[in-house]
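Each remark here refers to the structure printed beneath this line.
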Amino acid sequence: MSFASPRRTPRRLVIALSIASALAAGTAIAQDASQQETQPSDAPSRTATLQTINVTAEKRTEDLQKVPISMTVVTAEKLEAFGQAGDGVLQLASRAPSVYAETSYGREFPRFYIRGLGNSDFDLNASQPVSMVYDDIVQENPILKGFPLFDLEQVEVLRGPQGTLFGRNSPAGVIKFESRKPTQETEGYARVSYGSYGTANAEAAIGGKLSSSWSGRVSALAQHRDGWIDNDYTGKKDDLGGYNDRAVRLQALYKASDDFDALINVHGRWLDGSAMVNRANAITLGGDQFVPGFDRDSVSQDGRNKQHLFTWGSNLHLNWHFGDLNFASITGLERATTYSLGDVDGGYDASGTPAKPSVTNRVTPFYSETADALPKDRQITQEFRLSNDSAERLKWQVGTYYFDEDIAITNFSYDTLNNHALNGWVDQSQRTKAWAVFGSADYNFTDDFDVRAGARWSHDKRDFKAERFLGFTGPVGPLTSQPTDARWSGDLTGTWQLSKNSNVYARIANGFRAPSVQGRINFANSISTAKPETITSYEIGYKSTSDDNKLRFNADVYKYNMHNQQLTAVGGATNVTQLINAKKTEGYGAEFDLEAYLTPNFYMTAGGSYNHTELKDRNLAVAPCGGGCTVIDPLNASGNALIDGNVLPNAPKWIGTWTARYGIPYGESGEFFVYTDWNYRSEVNFFLYDSEEFRSKPFLEGGIRIGYNWDFGKREVALYGRNITNKKVITGGIDFNNRTAFVNDPRIIGVEFRAEL
């Protein structure tokens, strides 16, 4: 299939939209309530009542409303609507209360933040306080965290420390992805879409009975976008911004009786495309807006840009049932390799001559063309878990966990003005071994009062080495670090049943992030190590469902204290990335989720959060910008910015999300529908220091689907739009030699067809 297309406003796209509109207007449609299991994309149940949402937040299946944790479930229907324009896992940003995400790596390296807690480090060795768990397997390396979202049952966002059941590196929370599992029923779907900028998605899955004991499921995804950003320096049109992203998942389930089942999962991903496209001098001096004449569709770069990624993995779930006892074994293997090269300064040297005069000033003081490679990433995990029947008044589980990671990282820099010759080469290697034992119990003292408690003992050891073979100041190293840590984490929760459909809970929980090491020494002569960070969180929540099951409302308030928070001082005038610890960080806020049928045909969801974060360390200082900016913080005697009292980077104070769907049944087997989603986040600061320039204005982004489904929802055609207002916003920056910006994607308009078996 050829994906080539004209840029900006393709004629073929306009024709496709016109045809789809004619189809929608000329076909009679309706919806039968008895066929709710074959709902179209983003369609709620036609019974006009809310269905029970089952979650595995505490590693056993429970009703969302009975789990005393602040959490949001993003359903498969929402994920399909959000992801039509080729969005990856970053589509979850601002689509659940207190959740934000960003990247400086393009499609392969997401950085998540929950309640303001995250890590802006761009090293391939960076740890993050938001743990991402895919089919019960922790994805530790940031490259593994970018696996595409397709054929998923749902996504569970757990806010707050999850130290008991998920352990290390989950002090901010956990995001759990659950794939659709094989069944004995033959089922599947195919989904294709095409939009502006040659944005094309093809997704399909099929599964069913293989024998009386075996069932299987195969799922695949292919995403493409044409290059759409001109490089005025080389004169090449549509040079950057394109990608080909492909992924596959194969599953086989063995179940001969109710006493034993085994699930095998094998998955892989292949990505080729552009790394992050940096925009030199895009931010005006003295403000957080684009310079006059800024053009999102063009750059002037003398450096190269390319990105390749391959990841694959496999996991095995074994479950035994012995009377009232259940034993589970979960084994996982993940591997990854990548090479990502970019023009970091985002512009061109003054000695260069662009093929096309720049619209804005894109000359930079000095060039920076670097690449990061991950020649080896091998992760092995093993978990054993024993639990009793969840129907008992006392529910308990105990388990052990083992983690073994072996990674190798290579950092390169190139001489742009000397035919891109290699002029910097650093090797990093790290072996991490961690193990834990844990247990939790849930006891119903009365029908109205329940107590849950858990504890975990974790041990973590790293063996790290970095060596520079080639660089501006010659060889360095090998430099080594062997941080080791062992500690307890746990939680205690009380739940009071107020009525049949409402309860209130109070939770105290703590967690930690293991010691981290930063070894990017292309421009430094020493590595940095951060001590483990710890957090204690206090939370009170309320969960309720109306008597008629048409309204679900959950809310909570929280406060946390974090000690020795691991922070990353990125770039700045020293152009060195270093790990530091803040003595104390305070946070507090409130969150809510709402889901409702306003009428039998009008369904909506809403969510929002307020998050306050504040660093408390009077002597903590970092290097401010090196490319010209207006620093707001006071400076110490060394000229560094004192950051005491600052909010955390990439921590919006306000987040809001709203979706609505209105359907008009017509005829015997279908309906017309309109679906829209809007997501808001307030201003964010990019770095630890405050400046007028390196922050992003508040951002409201909307999407829409207008469509028609028939055959009881098994067939659907729809027009869609993402970023429908074509909002242009700065999403990140680089500050070492100019005011470089990252920019969000433009508006994408397209047409989609979906069919189910």
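Residues take their numbers from the sequence shown, with the count starting at 1.
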Under a plain distance cut-off of 3.5 Å, with no hydrogens placed, do [Y] and [X] share a side-chain donor-acceptor pair?
| X | Y | result |
| --- | --- | --- |
| Asn319 | His317 | no |
| Arg180 | Gln251 | no |
| Tyr505 | Glu539 | yes |
| Asp151 | Ser219 | yes |
| Asn611 | Tyr558 | yes |
| Asp548 | Ser546 | yes |

Looking at every non-hydrogen atom in both residues, tell me the closest pair between [X] and [Y] and how far apart they are.
| X | Y | answer |
| --- | --- | --- |
| Ile137 | Gly332 | CD1-CA, 3.8 Å |
| Val138 | Ser131 | CG1-OG, 4.0 Å |
| Asn723 | Pro746 | ND2-C, 3.8 Å |

Return the [atom1] to [atom2] distance between [X] and [Y], rounded to the nearest 0.5 Å.
| X | Y | atom1 | atom2 | answer |
| --- | --- | --- | --- | --- |
| Leu253 | Asn265 | CG | CG | 11.5 Å |
| Glu178 | Asp136 | CD | CG | 5.5 Å |
| Thr186 | Ile206 | OG1 | CD1 | 7.5 Å |
| Thr52 | Asn549 | OG1 | CG | 7.0 Å |
| Arg159 | Ile114 | CZ | CD1 | 8.0 Å |

With side chains defined as the heavy atoms from C-beta onward, is the minimum distance between [X] and [Y] less than 4.5 Å?
| X | Y | result |
| --- | --- | --- |
| Gln91 | Leu149 | yes |
| Ser387 | Arg60 | yes |
| Val248 | Trp270 | yes |

> Stepwise, does the side-chain hydrogen bond (donor to acceptor under 3.5 Å, both in side chains) test hold for Tyr603 with Glu595?
Replying inline: CA-CA 8 Å; Tyr603 170 80; Glu595 185 179 5; 2.4 Å; yes

>> Does Thr72 form a side-chain hydrogen bond (donor to acceptor under 3.5 Å, both in side chains) with Asp593? I'd like the steps, not just the answer.
In response: CA-CA 7 Å; Thr72 297; Asp593 280 292; 2.7 Å; yes

Closer than 3.5 angstrom, by distance alone: can the side chain of [X] be matched with the main-chain N or O of [Y] as a donor-acceptor pair?
| X | Y | value |
| --- | --- | --- |
| Asn744 | Lys727 | yes |
| Asn141 | Ile143 | yes |
| Gln51 | Thr49 | yes |
| Ser196 | Ile749 | yes |
| Asn679 | Phe699 | no |
| Ser170 | Gln162 | yes |
| Arg681 | Pro652 | no |
| Asn326 | His321 | no |
| Glu156 | Thr56 | yes |
| Gln154 | Asn54 | yes |

>> Exactly one of Asp491, Thr495, Asp556 should register a side-chain contact (heavy atoms from CB on, under 4.5 Å) with Arg507. Which one does?
In response: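 Single side-chain contact (heavy atoms from CB on, under 4.5 Å) partner of Arg507 among Asp491, Thr495, Asp556: Asp491.
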
Hey, does the Lys NZ or Arg CZ of [X] hover above the aromatic six-ring of [Y], less than 6.0 Å from the centre and inside 45° of the axis?
| X | Y | answer |
| --- | --- | --- |
| Arg705 | Phe673 | no |
| Arg249 | Phe150 | yes |
| Lys59 | Phe166 | yes |

> Does Tyr243 have its ring centroid less than 6.0 Å away from the ring centroid of His224?
Replying inline: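 No, ring centres 6.0 Å or more apart.
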
> Taking the six-membered ring for Trp, are the ring centroids of Tyr610 and Trp654 within less than 6.0 Å of each other?
Replying inline: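 When the ring centroids of Tyr610 and Trp654 are compared, they turn out to be within the sub-6.0 Å range.
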
Salt bridge or not for [X] and [Y], using N-O below 4.0 Å?
| X | Y | answer |
| --- | --- | --- |
| Arg115 | Glu591 | yes |
| Asp677 | Lys78 | no |
| Asp547 | Lys500 | no |
| Lys714 | Glu756 | no |

Parallel under 30°, tilted from 30 to 60°, perpendicular over 60°: which one fits the rings of [X] and [Y]?
| X | Y | result |
| --- | --- | --- |
| Phe109 | Tyr105 | tilted |
| Trp710 | Phe753 | tilted |
| Tyr134 | Phe177 | parallel |
| Tyr542 | Phe553 | tilted |

> Given Asp450 and Gln497, is the side-chain hydrogen bond (donor to acceptor under 3.5 Å, both in side chains) satisfied, shown in steps?
Replying inline: CA-CA 8 Å; Asp450 174 276; Gln497 195 75 25; over 6 Å; no

> Do Arg225 and Thr199 pass the side-chain hydrogen bond (donor to acceptor under 3.5 Å, both in side chains) test, and can you show the C-alpha distance, the side-chain angles, and the key distance before you say yes or no?
Replying inline: CA-CA 4 Å; Arg225 180 171 293 169; Thr199 302; 2.9 Å; yes

> Do other residues, nucleotides or ligands put more than 12 heavy atoms under 6.0 Å from Lys181 NZ?
Replying inline: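 Yes.
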
>> Within the supplied structure, the quantity of interest is the number of heavy atoms (other residues, nucleotides, ligands) at a distance under 6.0 Å from Ile540 CD1; does it exceed 12?
In response: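 Atom CD1 in Ile540 is not crowded, with 12 or fewer foreign heavy atoms closer than 6.0 Å.
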
> Residues two or more places apart in sequence or in another chain: which of them pass side-chain hydrogen bond (donor to acceptor under 3.5 Å, both in side chains) with Arg452?
Replying inline: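 Per chain and number, Arg452 pairs via side-chain hydrogen bond (donor to acceptor under 3.5 Å, both in side chains) with Glu58, Glu62, Asp442.
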
> Testing Glu80, Glu203, Glu716 for salt bridge (charged side-chain N to carboxylate O under 4.0 Å, His left out) with Arg754, which one passes?
Replying inline: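 Among Glu80, Glu203, Glu716, the one that satisfies the salt bridge (charged side-chain N to carboxylate O under 4.0 Å, His left out) with Arg754 is Glu80.
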
